[in-house]
There are 2 protein chains.
Amino acid sequence: MSRANAGTKGVPRADRELQIVRAACEVFGTVGFAKASVAGIAADAGISKPLVYQYFGSKEGLFLASFNYGAETLAAEMERVAADDSVGLERGLRTLDGLFRTLEPQPWLWRLLFDPSAPDDGEVAAARAVYTDRITRLAVEGVGELMRLVGDDDPLDASALTAVWMSAVDALITWWLDHPEVTPTQMTERCHRLIAALSGAALPAHLMVDLGAG
Amino acid sequence: MSRANAGTKGVPRADRELQIVRAACEVFGTVGFAKASVAGIAADAGISKPLVYQYFGSKEGLFLASFNYGAETLAAEMERVAADDSVGLERGLRTLDGLFRTLEPQPWLWRLLFDPSAPDDGEVAAARAVYTDRITRLAVEGVGELMRLVGDDDPLDASALTAVWMSAVDALITWWLDHPEVTPTQMTERCHRLIAALSGAALPAHLMVDLGAG
DNA sequence: CTGAGGTAACTTACTCCAAGGTCATATCTC
DNA sequence: GAGATATGACCTTGGAGTAAGTTACCTCAG
């Protein structure tokens with residue numbers, strides 16, 4: 001063959017696209033949009049750069065496809081949990097549990113969702129807005145229930161606590177990725193203990209109880 | 001004058017460096033290392049690109065100087081608070097209060113500290129390690145006290161809670177930057193309420209008390 | 001059955017550009 | 001003149017994006 005395997009009619013477009021998107025998810029989610037190179041992703045997927053451009057149009061187009069793939073996976077899982085009837089911190093803990101399990105085989109999807117180096121205009125921004133809305137809606141809802149539970153009705157408090165909650169989820173997942181020997185189940189148990197610890201520490205001394213640290 | 005103000009012996013090196021570093025802090029802290037352009041920073045500082053290279057050697061050198069400037073400011077403030085005798089969440093809240101006040105005139109310093117697009121090797125990595133150690137040490141210490149308070153002695157729990165705490169601080173500061181009309185004092189009060197809310201929500205119902213949502 | 005043309009899959013070898021970095025030189029003070 | 005401050009114009013490079021050509025499968029007329 002004069003040229004590698006040029007012209008191999010081989011793989012149907014849909015299959016190839018999925019294969020490229022999966023490779024792209026891992027690269028974008030690991031090094032971020034800005035540092036990722038299209039040529040590198042093509043190499044990872046085992047094909048050449050122009051094929052990527054033929055199928056996705058641009059680096060941004062490729063990112064968009066990858067983002068949608070990953071965001072849909074995660075948003076769907078969070079909505080599944082939200083459909084349960086748990087409230088307050090219990091609901092938060094179940095969401096975390098679901099995320100740990102979903103992310104186990106493809107942890108980089110999480111970083112893909114919040115990539116700060118991704119373009120902040122055009123179609124990517126629109127897609128991010130869609131998924132951010134979907135996900136934030138769930139967080140806002142959960143935090144709202146919690147605030148009602150404790151009698152705080154300041155909307156800015158709710159907004160700030162939503163930010164803190166989402167950030168805490170991020171921190172826990174990131175911490176987990178740095179401790180790969182920990183299983184999803186152990187992580188969920190850990191989250192339960194941490195909540196208990198925070199709660200215990202905030203209590204006036206005369207109300208302190210052992211909320212279980214084992 | 002044939003060339004703008006070339007050769008103007010004008011500003012002494014030390015002054016010029018500070019001026020450039022301050023401009024660089026704002027740019028690096030706002031758009032991040034990767035997206036920042038040296039020419040742009042030079043323009044912001046009112047001087048030309050080669051002067052930046054003459055004084056700082058490279059984009060990385062300029063970032064290093066900016067990072068040290070910003071990180072020192074913040075680490076010093078956190079250590080100041082840590083020297084007080086508060087413990088547990090009270091200490092956390094005082095740290096937040098100190099950060100809000102320090103960041104009020106130059107909010108971008110915060111993002112500078114945790115810029116994900118900064119180089120992760122060489123002198124920058126070394127400097128980041130130094131300051132990350134200094135700051136993390138304080139968080140670890142504070143979280144350790146808190147865990148002792150509630151009787152959880154799992155070191156991984158402490159490690160994870162430290163990550164969550166630092167992330168929560170980040171979230172609160174970021175939220176604040178998006179709500180510029182809120183004063184540092186109001187933010188500190190808000191943080192008190194949020195802690196109370198979390199604590200209340202985690203309690204078994206029979207122990208629930210009004211921890212004050214106003 | 002067969003082979004010519006149509007089309008999808010695929011690659012090599014470019015162009016182009018933004019941004020990092022350098023060089024030679026000019027002007028000021030002492 | 002020596003040395004510090006300063007700049008316009010240049011060089012260089014990595015990576016996005018493109019042009020043009022190559023190979024393989026499919027279909028359908030004869």
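So that the names make sense, note that chain A is the first sequence line, chain B the second, and so on, each numbered from 1.
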Please state how far atom CZ in Arg13(A) lies from atom C1' in dA24(D), giving the value in whole angstrom units. 18 Å
Respond yes when some side-chain nitrogen or oxygen of Tyr55(A) is under 4.0 Å from OP1 or OP2 of dA8(C), and no when none is. no
Note: Pro184(A) and Asp97(A) closest approach over all heavy atoms is O-OD1, 4.3 Å
When you check the phosphate oxygens OP1 and OP2 of dC10(C), does a side-chain N or O of Arg16(A) lie under 4.0 Å from one of them? yes
In whole angstrom, what separates Phe63(A)'s CZ from dA16(D)'s P? 14 Å
Identify, with sequence neighbours excluded, every residue that meets side-chain hydrogen bond (donor to acceptor under 3.5 Å, both in side chains) alongside Arg128(B). none
Indicate every side-chain donor-acceptor pair of residues 30-40 of chain A with a distance under 3.5 Å to a residue at least two apart or in another chain.
{"from": "Thr30(A)", "atom 1": "OG1", "to": "Glu26(A)", "atom 2": "O", "distance (Å)": "2.5"}
{"from": "Ser37(A)", "atom 1": "OG", "to": "Gly40(A)", "atom 2": "N", "distance (Å)": "2.9"}

To the nearest angstrom, how far is Ile47(A) atom CD1 from dA8(C) atom C1'? 15 Å
Under the rule for side-chain hydrogen bond (donor to acceptor under 3.5 Å, both in side chains), what residues qualify as partners of Arg134(A), not counting sequence neighbours? Glu72(A), Glu79(A)
Testing dT5(D), dT12(C), dA9(C) for proximity to the side chain of Ser48(A), the answer is dT12(C)
Rounded to the nearest 0.5 Å, how far does OG1 of Thr185(B) lie from CZ of Phe100(B)? 10.5 Å
Flag side-chain contact, heavy atom, 4.5 Å: Asp152(A) against Leu161(A): no
Is the shortest side-chain heavy-atom distance between Gln186(B) and Leu156(A) below 4.5 Å? no
Quickly work out the Gln54(B) CD to dT5(D) P distance and round it to whole Å. 8 Å
In short, Gly70(A) meets Leu109(A) closest at the heavy-atom pair CA-CD2, 3.9 Å
If a pair satisfies side chain to side chain donor-acceptor pair (under 3.5 Å) and one of its residues is in residues 43-68 of chain A, list it, with sequence neighbours excluded. none
Report, as a single string ordered 5' to 3', how protein heavy atoms within less than 4.0 Å touch nucleotides 16-23 of chain C: B base, S sugar-phosphate only, - not at all. ----BBBB
Note: contacts of residues 112-126 of chain B with DNA chain D (heavy atom, under 4.0 Å) are none
Touch check for Phe56(B), heavy atoms < 4.0 angstrom, all strands: base, sugar-phosphate only, or nothing? nothing
